[in-house]
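Below is one structure, written out as structure tokens; the observations come after it.
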2 protein chains.
Amino acid sequence: MKVDGGQLLETFRRYLRDHSLPVTHQRLAVAEAIFFSGDHLSAEDIAGQVAKGGAGPVGTATVYRTLELLVGSGLVTEHDFGEGFKRYEPGSSGGEGGGQPHEHCICSSCGAVTEFSNDRLERMIALLAEEVAFRPHHHRLEIYGLCRRCQQSNPLARAR
Amino acid sequence: MKVDGGQLLETFRRYLRDHSLPVTHQRLAVAEAIFFSGDHLSAEDIAGQVAKGGAGPVGTATVYRTLELLVGSGLVTEHDFGEGFKRYEPGSSGGEGGGQPHEHCICSSCGAVTEFSNDRLERMIALLAEEVAFRPHHHRLEIYGLCRRCQQSNPLARAR
DNA sequence: ATGGGTGCAAATCCTTTGCACTCGG
DNA sequence: CCGAGTGCAAAGGATTTGCACCCAT
């Protein structure tokens, strides 16, 4: 499912208002960068996107502080793909913001992220957790291997 | 499946010999700490375990350097549960060292890790990746929620 | 006005690296 | 012996925090 950036941005404004938090242009700039990227950006990527945008650059600290807000609001999901830093993506599986659970395939060669979702998988995961007396809340599934492009360009490559 | 620490340790010695690497007591101490813990330890945990052991403490750098060896040999698996640091566990899904693919349930309340494995799940994951033209190599599934103990001690708690 | 937000730089946290010294083979 | 291993401390990268100043409300 595609998420509409503009709509998410509007929801964020409302979220801020509802929580009596100032709607600063820095916050909006950071939110926009994520909502309209459609990709999984790092904090640094986000700062870069914002800097390229019309409004001036935003301090690193502010980027992180805004990310905390966005993740807290459920409008943005935080991912840790084990690269030593986090990545952020619009939409959420848990929050009120919309989106739906989906999993990630991360290319070991070029880093590209492919997504997919499957109800049967989600159900099975929940079930298996319950079988070991665990009450699942949310989960992360990351598949590492080669994306289509890298399979073609390097057919013999072994995923790391 | 239970892994025998002593056997893993022996395999590690052989691995070192086969690669013409010195078998130092520091390396063995670090390996032991992991092989006999049965838990998912952080680098710091490992250093602590080693320090408590008979032989003297081992420098942080050595712990990390040995971990690299162990992970490289396939005798130890590295995990990143998004806590900001890594954890290590004996056995491996990929290496020659044995073990088999299994997934983790991480308690959001107490941090305990429960494991399980399921063939059907493994197959489904591989299949779903291939459906989006991705060639899977390995994956990580982490389920966050409440472990049995924490469900009982706090029945109304909502997993974070 | 005015309380929170922002930027900068200093501080943290985990992990890596440089280098002189020590030890296993 | 000798090259690789070790410890210490300094360096690194991502993220957080303290504090004086600035801006939405």
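Protein chains get the first letters and strands the later ones, always in sequence-line order, with residue 1 at the start of each.
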Nearest-angstrom distance from the residue atom [atom1] of [X] to [atom2] of [N]:
{"X": "B:Arg13", "N": "C:dG24", "atom1": "CZ", "atom2": "P", "result": "12 Å"}
{"X": "A:Tyr64", "N": "C:dT6", "atom1": "OH", "atom2": "P", "result": "16 Å"}
{"X": "B:Arg65", "N": "C:dC19", "atom1": "CZ", "atom2": "C1'", "result": "11 Å"}
{"X": "B:Lys86", "N": "C:dT16", "atom1": "NZ", "atom2": "C1'", "result": "11 Å"}

DNA chain C contacts made by residues 44-61 of chain A, counting heavy atoms under 4.0 Å: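 The answer is A:Pro57, A:Val58, A:Gly59, A:Ala61.
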Classify the side chain of B:Arg17 and the base of C:dG25 as holding, or not holding, a donor-acceptor pair under 3.5 Å.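 In this structure, the two groups form no donor-acceptor pair.
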Let me check the geometry of the helix from C:dA1-D:dT25 to C:dG25-D:dC1. What is the bend angle between the axes at its two ends, five pairs each, to 10°?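 Taking five pairs per end, the axes differ by 30°.
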Residue pairs fulfilling salt bridge (Lys or Arg N to Asp or Glu O under 4.0 Å) with at least one residue in residues 59-79 of chain A, sequence neighbours excluded: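 Counting only pairs at least two positions apart or across chains, no salt bridge (Lys or Arg N to Asp or Glu O under 4.0 Å) contact touches residues 59-79 of chain A.
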Taking the six-membered ring for Trp, are the ring centroids of A:His138 and B:Tyr144 within less than 6.0 Å of each other?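 Yes, close enough.
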Please confirm whether the backbone N or O of [Y] pairs with a side-chain atom of [X], one donor and one acceptor, at under 3.5 Å?
{"X": "A:Glu115", "Y": "A:His104", "value": "no"}
{"X": "B:Arg123", "Y": "B:Asn118", "value": "no"}
{"X": "B:Arg27", "Y": "B:Pro22", "value": "yes"}

Kindly give the heavy-atom pair with the smallest separation between A:Phe12 and A:Thr66, and that separation in Å.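 The answer is CZ-CG2, 4.4 Å.
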Would you call B:Glu103 and B:Ile143 a side-chain contact if the rule is heavy atoms closer than 4.5 Å?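 In short, these two side chains do not touch, never coming nearer than 4.5 Å.
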The test is side chain to side chain contact (heavy atoms under 4.5 Å, CB included); show your working for A:Thr24 and A:Leu16 and say whether it passes. CA-CA 10 Å; A:Thr24 66; A:Leu16 290 174; over 6 Å; no
Between the side chains of [Y] and [X], is the shortest nitrogen-to-carboxylate-oxygen separation below 4.0 Å, so that they form an ion pair?
{"X": "B:Arg87", "Y": "B:Asp45", "result": "yes"}
{"X": "B:Glu10", "Y": "B:Arg17", "result": "yes"}
{"X": "B:Arg140", "Y": "B:Glu142", "result": "yes"}

Give B:Phe85 one of three labels, base, sugar-phosphate or nothing, depending on what nucleic acid heavy atoms sit under 4.0 Å from its own.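 Since only primed, P, OP1 and OP2 atoms lie under 4.0 Å of B:Phe85, the category is sugar-phosphate.
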DNA chain D contacts among residues 20-28 of chain B, heavy-atom distance under 4.0 Å: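 Heavy-atom contacts with DNA chain D come from B:Leu21, B:Pro22, B:Thr24, B:Gln26, B:Arg27.
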Please list, in 5' to 3' order, the outermost nucleotides of DNA chain D lying under 4.0 Å from any heavy atom of chain A.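 Under 4.0 Å from chain A, the extent on DNA chain D is D:dA14 to D:dT25.
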Give the ring-plane orientation class for A:Phe81 versus A:His79, where under 30° counts as parallel, over 60° as perpendicular and anything between as tilted.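 Ring orientation of A:Phe81 relative to A:His79: parallel.
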Can you give the donor-acceptor pairs under 3.5 Å from side chains of residues 28-37 of chain A to other protein atoms, not counting sequence neighbours?
| residue | atom | partner | partner atom | Å |
| --- | --- | --- | --- | --- |
| A:Ser37 | OG | A:Ile34 | O | 3.1 |
| A:Ser37 | OG | A:Asp39 | N | 3.0 |
| A:Ser37 | OG | A:Asp39 | O | 3.4 |

